[in-house]
Amino acid sequence: MSDVIQLLPDAVANQIAAGEVVQRPASAVKELIENAIDAGADKIRLIVKDGGKALMQVIDNGCGMSVTDARRCFERHATSKIRKAEDLFAIRSMGFRGEALASIAAVAHVELKTRRMEDELGTRVEIEGSEVIRQEPEALPAGTSIAIKNLFYNIPARRNFLKSNAVEMRHIVDEFQRLALAHPRIYFTLHADDNEVFHLPGESLKQRVVHLFGSNYNQRLVPVEEETTIINLKGFVGKPEFAKRTRGEQFFFVNSRFVKDPYLNHAVVKAYEDILPPDTYPLYVLFIEIDPAKIDINVHPTKTEIKYEDERAIYAIIQSAVKRSLGRYNITPTLDFNQETGFSQMISPKPLEQITPPSVTFNPEFNPFDPVKPGGGERHRAAIPQNWETLYQVAQQEAPVQLGLPVEKDDPSAESLHAGKKQPFQLHNRYIVSQIHSGFILIDQQAAHERILFEQFCQQLENRQGASQQSLFPQTVTLSAADFQLIQELLPDIQALGFQIREFGKHTFVVEGIPADLTSGMNERQVLEQLLEEYKNYQATVKLPKREKLARSLARHAAIKPGTALSAGDMADLIDRLFACEMPNVSLSGKPVILTFTLQELAERFERN
Ligand code: ADP
Ligand code: MG
């Protein structure tokens, strides 16, 4: 039998490599900008059309390429950055694998224009699917421009796999932000579909952070600086009170390269110890300078992972440096998050004993399954555990006993108590107690309201008709470029929820109305910002359909919080609506909403049996 193994043609090998290097438009953008940085440019412009699917162009004023190099740069393993294996241990440049341009050229139409300062004429190269179509001299400014058009034109499966323009654009903005943060001294601009999204002059790191995230960040940053024999660390961490519910603003750069590193992230978070509000993530932008010989960047083609020789020492240095910075800026003593009373303290035995009083009166008419809402209780009983029909009935047969309990004057339920009606009542403005035939139930008011709103919003999203409440004073909201992209992407759904919102200039929306059910007392801008924050939080942690995440986010935001006093009417309404829900007893985080206490249990606890 003849031999069967053959070497793959370059074009095929390049397409295979492209699978790893170029996953989506954003990865091509990263490679191009890194090349411009390596070329020593101090001005870099990025132009994007249709989320990068139609065009990604990077123009730099770096060193440019010779006629030969302009062609050679598209070959596999063609690099000017390393020459021998030892060089791998002294890498200072962003690139070194010499595969980015070869990979990109295998899966797109590429046009390269480049001129070195010392050359009179520049070179233009056109290449399609690894084949040079044209190469000619041209009068050009010094520097390099690379335009990538029709990415994945020859791999339909990959092209179809790309997400919407807005989603791809968001990935590009993320990548752009990281690179712009890592190199604050470089002037960067980003144009998307003819709009200028970013215009960043060369500046200090602090100015860059403020430019990218907003002017209010000026007060939120604490500088970190530490020089040791192993690493030099510098950058900023956020004050704990500004920690967000999303991880979005956490950046580690090792020798100016953005890396994802859960281990080092842990070191930073540990430094905050218990001064962070629960479930929040502090901002940080930290730069580690380290001898390239002590790390291995070559773990993955995208180079976002690094192996360190001295991992533990680095961890310790970061933790102590951040801790010291936070301490030096006197942050620790001013904060006390322990004031929030924990769940365990709320359910002390005492309030439980006081629970008997409601039996002084009762409301013979009260029945949560009254069809107040169309399709109410009836529809979903199967989902409710423990035979709600029988549980949730007023104990009519028992005669009310007057215990002469003091009734607070301003207690909203006081009136009805005297009117001889049994009403649900609140404990610590946090739980609702309601008597049922066999005992009583305890409802977590926030979890209940979240569940109600969530199901309501899901319906609105499906029917595309959320009720809106017109604002008297429409507000404009200016967002970071990334958030602006995100809202654009979600716009139809946000409108379906009842927001009246439209684009209004650069990175700005005007909000003319918000969903009718929002009672949080926040203004339009705050509502939108919080919604976005919640949404990003879900995006980072759970895989859910987009609309469900949006419904959850708004429900989380809009639901009544512990500490809110409710009138008797509010409580009755809440209970009604809760039992009209599809899953009344499951909170948005999968925990119970309702706890049931039977008379039997109570008697046992009092040892009456
Ligand atoms: P790598 O960056 O790993 O070397 P690339 O495929 O990204 O590999 O680029 C190949 C080579 O092309 C680089 O080593 C560099 O010499 C040259 N090159 C690419 N982009 C530029 C640019 N913007 N300016 C000057 N030279 C460039
Ligand atoms: Mg490169």
Side-chain angles (χ1 to χ4, degrees), residues 10-11 13-23 26-47 56-85 87-108 110-119 122-127 130 132 135 138 140-148 151 175-176 178-179 182-183 186-189 255-258 292 297-304:
D10 277 351
N14 288 340
Q15 257 195 32
I16 294 171
E20 282 188 313
V21 183
V22 192
Q23 285 147 355
S27 19
V29 163
K30 170 174 182 272
E31 294 296 337
L32 293 188
I33 295 182
E34 286 188 348
N35 280 346
I37 294 168
D38 286 344
D42 62 8
K43 267 193 175 176
I44 299 175
R45 300 201 288 138
L46 169 62
I47 299 165
M56 291 170 274
Q57 183 174 14
V58 172
I59 305 166
D60 69 56
N61 65 350
C63 63
M65 285 182 257
S66 69
V67 181
T68 318
D69 284 352
R71 194 174 180 122
R72 195 176 280 159
C73 70
F74 292 108
E75 278 169 36
R76 221 144 102 82
H77 309 308
T79 180
S80 55
K81 298 167 193 173
I82 56 171
R83 297 197 174 271
K84 45 191 190 308
D87 295 345
L88 275 173
F89 302 101
I91 289 168
R92 287 275 170 203
S93 54
M94 296 288 112
F96 59 85
R97 297 169 62 112
E99 59 187 1
L101 289 184
S103 303
I104 291 168
V107 295
V110 179
E111 184 194 53
L112 163 70
K113 294 189 213 172
T114 187
R115 178 169 77 83
R116 296 184 299 181
M117 191 64 94
E118 63 266 36
D119 297 335
T123 312
R124 193 166 76 95
V125 178
E126 273 178 53
I127 184 160
S130 296
V132 178
Q135 172 161 10
E138 196 172 306
L140 293 166
T144 303
S145 152
I146 301 188
I148 303 175
L151 183 67
E175 208 61 78
F176 179 89
R178 292 168 183 169
L179 289 157
H183 304 276
I186 297 180
Y187 168 108
F188 278 99
T189 61
N255 294 348
S256 297
R257 188 190 301 282
F258 172 80
I297 312 167
N298 208 1
V299 182
H300 190 267
T302 58
K303 313 185 205 97
T304 48

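Ligands are counted one by one from 1 in listed order, and the atoms in each one are counted from 1 as well.
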* **Side-chain donor or acceptor of Asp60 paired with backbone N/O of Thr144 under 3.5 Å** => yes

* Min heavy-atom dist Met65 to ligand 1 below 4.0 Å -> yes

* Structure fact -> Under 4.0 Å between heavy atoms, the region of Asp38 that gets near ligand 1 turns out to be neither

* Asked: With no hydrogens and no angle check, do the side chains of Gln57 and Ser145 hold a donor and an acceptor under 3.5 Å apart?
  -> yes

* Which residue owns the protein heavy atom closest to atom 2 (O) of ligand 1, what's the atom, and how far is it? -> Lys81 NZ, 2.7 Å

* Structure fact -> Nearest non-hydrogen protein atom to atom 14 (O) of ligand 1, with distance, is Ser80 N, 2.9 Å

* **Matching residue for Val110 among Val132, Ile146, Leu151 - test: side-chain contact (heavy atoms from CB on, under 4.5 Å)** => Ile146

* Asked: Is the closest N or O pair between Leu101 and ligand 1 shorter than 3.5 Å?
  -> yes

* **Glu99 backbone acceptor or donor facing Arg76 side chain under 3.5 Å** => no

* Asked: What protein heavy atom is closest to atom 4 (O) of ligand 1, reported as residue, atom name and distance in Å?
  -> Thr79 OG1, 2.6 Å

* Could you establish whether Gly98 and ligand 1 come within less than 4.0 Å of each other, counting only heavy atoms on the residue side? => yes

* Can you tell me the protein heavy atom closest to atom 25 (C) of ligand 1 and the distance? -> Ala39 CB, 3.6 Å

* Is the distance between the Mg ion (ligand 2) and the nearest N/O/S atom of Thr79 smaller than 2.8 Å? -> no

